[in-house]
Structure formats: C-alpha cells, structure tokens
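Data first, discussion second: the structure below is written as structure tokens.
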Amino acid sequence: MKLNQLFSALAAVACGALVIAQQSGTMSVTTPKMNMTARADADMVKGIIANWIPEVRMTAETTIAKYGQPNSATETELVWWHNGPWKKTKLENVAIPHDFPGPHHDMLQQTIDWKINPSWVDDLGKYDGSVIVERTRGEVSARCDKEEANFLALNLTYDIVMKNRNVKQARAFYADTIMQMKAMRLDMAHKPYVSGFIFSPPMKDQNDPDMPAMKMGG
C-alpha cells in the first residue's frame with residue numbers, strides 16, 4: 001500500500017471512531033495539556049493587580065492568600081485550576097453590576113463539573129442570573145464578588161434541582177443568608193451553605209455532546 005493510501009485509510013478509521021464516539025455519547029472534553037502545578041510569578045501577579053479595580057484587587061489578594069498564586073495570569077484575569085473543591089476559578093478585572101440580592105459587583109467565577117438536565121435551565125435562570133449553565137461542557141459556575149456567595153449560589157442550585165426548594169424559596173434563603181453574613185451572625189441553618197458544598201460535585205467530565213442532526217462526511 002502506498003504511503004498516501006495508508007494515511008487515507010488511517011484517517012477513515014479515525015473518523016469512523018469519532019462518529020461512533022459522538023453517537024454513543026462517550027466523548028470527553030479535550031483540553032490542551034498544561035502543567036496544573038505551575039504557578040504564575042508572584043511579583044508579576046502583584047504588578048498586574050496593582051492597577052486593577054480596587055474591589056477586584058481585594059478579591060485577588062483574598063484568593064491568593066487562600067489558594068496561592070494562580071496557575072496563569074494576564075493583564076485582565078487570573079486563573080486557578082483545581083483549587084480546593086473547584087474545577088476552575090477565574091477572576092476578571094471587571095465589575096459587573098448585579099442587584100440580587102442587593103447591589104454589588106460580580107467578578108469571581110468558580111466552576112464545577114455537573115451534568116446538566118435541560119429542564120433545569122428555566123428555573124435556574126429565574127433563580128440567579130449569575131449561575132452559569134454550560135450543558136455541552138457539563139459545567140455549572142457561579143459568579144459573584146466572594147467565594148462564600150458562590151458556594152451559596154451553587155448549594156441553592158442543588159436544592160432547586162433536587163426539588164428541596166422552589167425558586168422563590170431559594171431566592172429568599174439566599175437574601176437572608178447574605179443579610180446574616182453582613183451582620184456577622186450566621187445561624188446553623190445557613191452556615192453550611194457558605195462554607196463549602198452541601199453535596200458532592202462530580203470528579204470527572206460531565207459533558208453532553210448532544211446528538212447529531214445530520215450525517216457527516218460522504
């Protein structure tokens with residue numbers, strides 16, 4: 001067999017395997033290989049955040065104090081991978097206005113793997129516009145100004161999808177918890193919701209590549 005014929009045959013086999021994997025729903029998310037243990041230079045990070053929006057800079061300093069230097073840093077964002085219970089933490093130098101449960105700014109987005117049922121999306125959109133659902137990637141994120149609020153947002157997301165609370169009840173619990181945090185008097189019913197997860201997030205890819213709607217190739 002000529003070399004170009006061999007390459008064509010191998011490509012056909014690979015393409016067939018790809019289609020089978022797509023149809024069977026076994027494909028996982030492919031990301032570039034990177035050293036997850038590498039850390040951005042501390043002096044470089046300090047120089048970057050020195051010119052950031054003051055409240056974002058404070059969040060950066062708090063996150064660095066807890067999780068160490070980010071894995072990557074640019075002029076606009078810091079990123080941590082697999083820090084604590086999170087798959088990814090991204091802090092952007094932005095201040096996104098968000099009035100629920102009271103006026104504040106969003107900038108800290110934290111992500112976990114979580115298989116998404118499309119039937120959840122409507123209720124979650126009504127619950128909190130800063131809960132971000134990515135069905136194809138199999139991820140759910142919360143974006144707020146502090147980690148405690150992100151734990152709260154995702155724990156209440158869990159309550160909604162498990163039908164432990166409806167949207168109205170979840171929003172009321174969220175608001176009450178934030179008020180207690182500001183008054184520094186968290187009670188035993190609310191404290192677990194801001195100090196970690198009340199459920200166990202999946203530890204592997206939860207992506208949903210969906211189903212083909214057309215035939216691929218000749």
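In this chain, numbering begins with 1 at the start of the sequence shown. Only heavy atoms go into these numbers, but all of them, side chains included; no hydrogens, no water, no symmetry mates.
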Query raised in the report: Do the side chains of Thr89 and Gln109 get nearer than 4.5 Å, heavy atoms only?
Result: no

Query raised in the report: Salt bridge between Glu139 and Arg137, side-chain N to carboxylate O under 4.0 Å?
Result: yes

Query raised in the report: Within the side chain of Asp176, is there an N or O that forms a donor-acceptor pair under 3.5 Å with the backbone of Ala172?
Result: no

Query raised in the report: Does some side-chain heavy atom of Ile116 sit less than 4.5 Å from a side-chain heavy atom of Glu134?
Result: no

Requested in this report: Might you point out which heavy atoms bring Phe197 and Pro201 nearest each other, and give the distance in Å?
Outcome: CD1-CG, 3.7 Å

**Report entry** Residue pairs passing the side chain to side chain donor-acceptor pair (under 3.5 Å) test where at least one lies in residues 42-63, sequence neighbours excluded
**Finding:** Glu55-His105

**Report entry** Side-chain heavy atoms of Leu91 within contact of Val56, under 4.5 Å
**Finding:** yes

Query raised in the report: What are the two closest heavy atoms between Gln69 and Ala40, and how far apart are they?
Result: CB-O, 3.6 Å

Query raised in the report: Between Leu156 and Ala170, which heavy-atom pair has the shortest distance, and what is it?
Result: CD1-O, 3.5 Å

Query raised in the report: When you measure from the side chain of Asn117 to the backbone N and O of Ser119, does any donor-acceptor pair fall under 3.5 Å?
Result: yes

**Report entry** Distance, nearest 0.5 Å, that separates CG of Asp106 from CD1 of Ile96
**Finding:** 6.0 Å

**Report entry** Proximity of Tyr67 and Trp81 rings by center, below 6.0 Å
**Finding:** no

Report summary line: Shortest non-hydrogen pair, Cys144 vs Asn150, comes out as N-OD1, 3.2 Å

Query raised in the report: Can you find a heavy atom in the side chain of Ile160 that is under 4.5 Å from one in the side chain of Asn166?
Result: no

Requested in this report: Would you indicate whether the side-chain heavy atoms of Thr157 and Trp114 approach each other to under 4.5 Å?
Outcome: yes

Query raised in the report: Under 6.0 Å between ring centres, would you say that holds for Phe173 and Tyr193?
Result: yes

Query - Student check: side-chain heavy atoms of Asn155 and Leu152 closer than 4.5 Å - result: no

Query - Presence of salt bridge, Lys126 and Asp122, under 4.0 angstrom - result: yes

Report task. Output, in order, the C-alpha distance, side-chain angles, deciding distance and verdict of ring-ring contact (aromatic ring centres under 6.0 Å, His included) for Phe100 and Tyr174. Result -> CA-CA 9 Å; Phe100 172 76; Tyr174 192 115; 5.2 Å; yes

**Report entry** Interatomic distance, Lys191 atom NZ to Met181 atom CE [nearest 0.5 angstrom]
**Finding:** 12.0 Å

**Report entry** Any donor-acceptor pair under 3.5 Å from Trp80 side chain to Gly68 backbone
**Finding:** yes

**Report entry** Minimum heavy-atom distance Asp128-Ala153, with the two atoms named
**Finding:** OD2-CB, 4.1 Å

Query raised in the report: Would you say Asn93 and Leu78 make side-chain contact, with heavy atoms under 4.5 Å?
Result: no

Query raised in the report: Counting heavy atoms not belonging to Met44, are there more than 12 under 6.0 Å from its CE?
Result: yes

Query raised in the report: Can you check salt bridge (Lys or Arg N to Asp or Glu O under 4.0 Å) on Glu147 and Lys66, steps first, answer last?
Result: CA-CA 11 Å; Glu147 184 176 49; Lys66 182 171 183 178; 2.6 Å; yes

**Report entry** Within-4.5 Å side-chain heavy-atom neighbours: Leu186 and Thr177
**Finding:** yes

Requested in this report: Return the orientation label for the His104 and His98 ring planes: parallel under 30°, perpendicular over 60°, tilted otherwise.
Outcome: tilted

Query raised in the report: Between Asn71 and Ala38, is there a donor-acceptor pair closer than 3.5 Å when you use the side chain of the first and the backbone of the second?
Result: yes

Query raised in the report: Are the ring centres of Tyr127 and Trp120 closer than 6.0 Å?
Result: no

